[in-house]
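Below is one structure, written out as structure tokens; the observations come after it.
Count residues from 1 along the sequence. Only a predicted model underlies this, so the values are computations on that prediction, with no experimental measurement involved.
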Amino acid sequence: MAQTKFDKQVEGTVESLVFGIGRFLAGRPMDGVKRTDATFWRSGTRVLPKVEGRVSRSSYRAGWKRLTFRISALAAIGAGGYQAGWVHQDATVATAQGIWADPDPALAALEQTGIAAASTAAVGTAAYLALTRKRRELMREWVLPLHEALALPLRLPEQTDPRRYLHIPRNFSEDDAVIRVDVPGRLDFSKDLVADIITTKLALEGVTFSWHLAGRETYVTVKKTRKPPERAAFKDPKVREVVAAAKESAPVIGIGSAGRIVTVDLDAESPHILVNASTGGGKSVTLRCIACQMLHHGSLVFVLDTKRISHPWASGLPGVTYCRDIADIHDQLIALGMEGRRRTRVADDLGIDADPKAIGPRLLILLEEVNATMKQLVRYWEKIRESGDPKSSPALDALNEILYMGRQLRMHVLLVAQSATARALGGPEVREQFSTRILARYSVNAWRMLAPEVHPAPKSTKHQGRAQVVSGGSARETQILFFTETEAREWATTGTKAAAVGGPGPVQLHKPPADSLPDAGATAPGLPPAPEPPASGDRPADARNLAPAPAAAPGELAANATTPPPATPVPAVVDDDQAVGLREAAEHHLPGITLAALRFARANDPAFPGSAGKRGAELLYRVGDLKKWARNRPRAAAGTTELD
């Protein structure tokens, strides 16, 4: 039997009623159109794609909130209607009789009620406008412009309410404010672009971004970092207490935001540290801060400084070997490489449960201006290399060995560069050995090269002593601890002295001589005896092969040459072992240095070599020691990096 038109209308009405009751109880929109991503338990944050027209605020509410509001409204209407139903009948009759008999009181009451209602509405409106003025200004000046800028990168629908995904407090510019921006879960946007838009449109500086992109809720929080102190001086009693309490393996680098102490544990976190800064960025101050603390705890420090005058505070200190001449830097690196191989054998003999201090005191290598030093080492090796020698500099090979095995051997490199490119350091794999990097007055390219894992890059500042310490994928803005030269020298000499390394030889590590190696095959100053010759295939560490005649200062041979050199030259090491007086040294071995200058240096320069004997009442000095002192004595830095 076919359905009649009436039956179809009844069936459609019943179906609509059933769906309406279901939507009512489920907290869904009554028209059945889902406009936002709200669910029954979670409020919505975004408008769904292809939704047109205005989206009301109720569409963003969670389903349980809508259901609660609907049930409460029905209950209030039902209770009010039931109560009014009984009263209405009697009140209507009485009111009608009263108004009919005397209408003036009713009209007066109605007039007063209207005036009161209008006054209440006016006061309420004024109060609402006054209380929400700052919020409306925030929406007009900051939230809406940010929404317009983010709508395209985040691909948001036009109907999106900015208040639903931009959670910006009124005090967003203060230090403790937290800004939250809900982002689409599809993650098809550029995080760098979004971060740049947020910082630009809200005029933020010194903020950090924390991205939460896992799971259903995807958002980014923006916090304003508290700046480090304007200055962190060692003379401050509180700072001095912090430095005194620092671990031997974790010198204090500086003070970070919120007063946090910034340190780097050379044993647990990073065995080597890279300092990258342009001129005036505080490279020498940073190295002085770390080196004097290491000396305080008994470490040995080797300063390899082609500028010659970077660390005058360290010249002549016990435990410091200062090399300024490129020949001595070359020999010292080779000697340190030998020491690394010796420590490897010692560690192997001691076993895995041995005390790490048993292999020897901690060694700290300060390699200044690596951009110029690397080039000079390469040219120096090309100058002295003989037939059969490898093309690569053995000094650079020794440096690479130390970088690869420094943690277990308690040998650490503090490398300074104005531009730490992979080419300048010897390859990208060498640069990766520096897991801690200190950057100051850096360019955008330098940050992308050295700290690409941290984005967006914090803005560089010219504040004196301010740097970014990058470690473990995060950057910490730090005010570098400032030691004056006097304070650094005092702190370095008032701590623990380095213990002597066991083994043959009278040399004590805690009292190294002021000069460097006489040649690459000899025992390193301040280091144990050199190990046995390398295995077959490697070039022997022979004095004539590594440094045929580097002991003389540049131009010395020409100045002293009165007769043509013999066909078979006498090895320089024989002449350098002679013991002479200061007068004979000034006349025959140290051209350009007067006897008065030598006597003054003997009395005032802590790095002046000790006497090797006496001839009557005259003190005698080893020629090689005097020549090395002459090459490495402090004087103005050369204006060129070319070798003479």
Side-chain angles (χ1 to χ4, degrees), residues 6-92 113-114 116-118 120-132 135-136 138-139 143-144 147 151 154 156-170 180-185 215-219:
F6 176 76
D7 293 335
K8 292 181 180 179
Q9 291 178 349
V10 171
E11 184 177 349
T13 303
V14 172
E15 183 179 359
S16 300
L17 181 61
V18 171
F19 278 109
I21 295 174
R23 293 169 187 148
F24 181 89
L25 297 178
R28 298 177 59 187
M30 295 305 296
D31 59 359
V33 179
K34 186 176 176 62
R35 295 178 174 83
T36 66
D37 60 346
T39 62
F40 185 81
W41 297 109
R42 184 173 59 86
S43 299
T45 58
R46 294 184 295 275
V47 177
L48 296 178
K50 299 182 181 180
V51 174
E52 298 180 357
R54 182 178 177 274
V55 179
S56 63
R57 295 187 183 181
S58 62
S59 300
Y60 290 93
R61 295 193 182 99
W64 68 270
K65 294 182 179 180
R66 298 183 202 168
L67 178 60
T68 302
F69 175 79
R70 291 168 181 175
I71 294 176
S72 301
L74 286 179
I77 293 173
Y82 180 79
Q83 182 71 20
W86 292 99
V87 179
H88 179 69
Q89 184 177 0
D90 296 335
T92 302
T113 302
T120 303
V123 172
T125 302
Y128 174 80
L129 294 176
L131 293 175
T132 60
R135 185 65 186 176
R136 286 183 285 108
L138 176 68
M139 289 292 298
V143 178
L144 289 178
H147 166 67
L154 296 180
L156 301 175
E158 295 180 1
Q159 299 80 8
T160 301
D161 188 349
R163 290 170 292 189
R164 299 301 171 179
Y165 78 99
L166 296 177
H167 308 283
I168 303 175
R170 287 184 297 180
R180 169 172 166 160
V181 178
D182 298 328
V183 297
R216 177 183 296 177
E217 295 188 2
T218 53
Y219 59 93

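- When all heavy atoms of Arg170 and Arg135 are compared, the pair lying nearest together is CD-N, 4.2 Å.
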Inset, instruction - Start with the C-alpha distance between Lys65 and Ser43, add both sets of side-chain angles, then the distance that settles side-chain contact (heavy atoms from CB on, under 4.5 Å), and finish with yes or no. - result: CA-CA 9 Å; Lys65 294 182 179 180; Ser43 299; 3.6 Å; yes

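- Closest non-hydrogen pair, Leu144 versus Pro162, comes out as CD2-CG, 3.7 Å.
- Put simply, the side chain of Val181 does not reach to within 4.5 Å of the side chain of Tyr219, judged on heavy atoms.
- The backbone N or O of Phe69 lies less than 3.5 Å from no partner atom in the side chain of Ser72, so there is not a single donor-acceptor pair.
- Two residues are said to be in side-chain contact when any heavy atoms from C-beta on lie closer than 4.5 Å; Pro184 and Leu156 meet this criterion.
- In this structure, Ile168 CD1 and Met139 CE are separated by 9.0 Å, a value rounded to the nearest 0.5 Å.
- Here the closest heavy-atom approach between residue Val183 and residue Leu154 is recorded as CG1-CD2, 4.4 Å.
- Taking each heavy atom of Pro29 and Arg70 in turn, the nearest pair found is CA-NH2, 4.2 Å.
- Side-chain atoms of Asp182 and His167 include a donor-acceptor pair closer than 3.5 Å.
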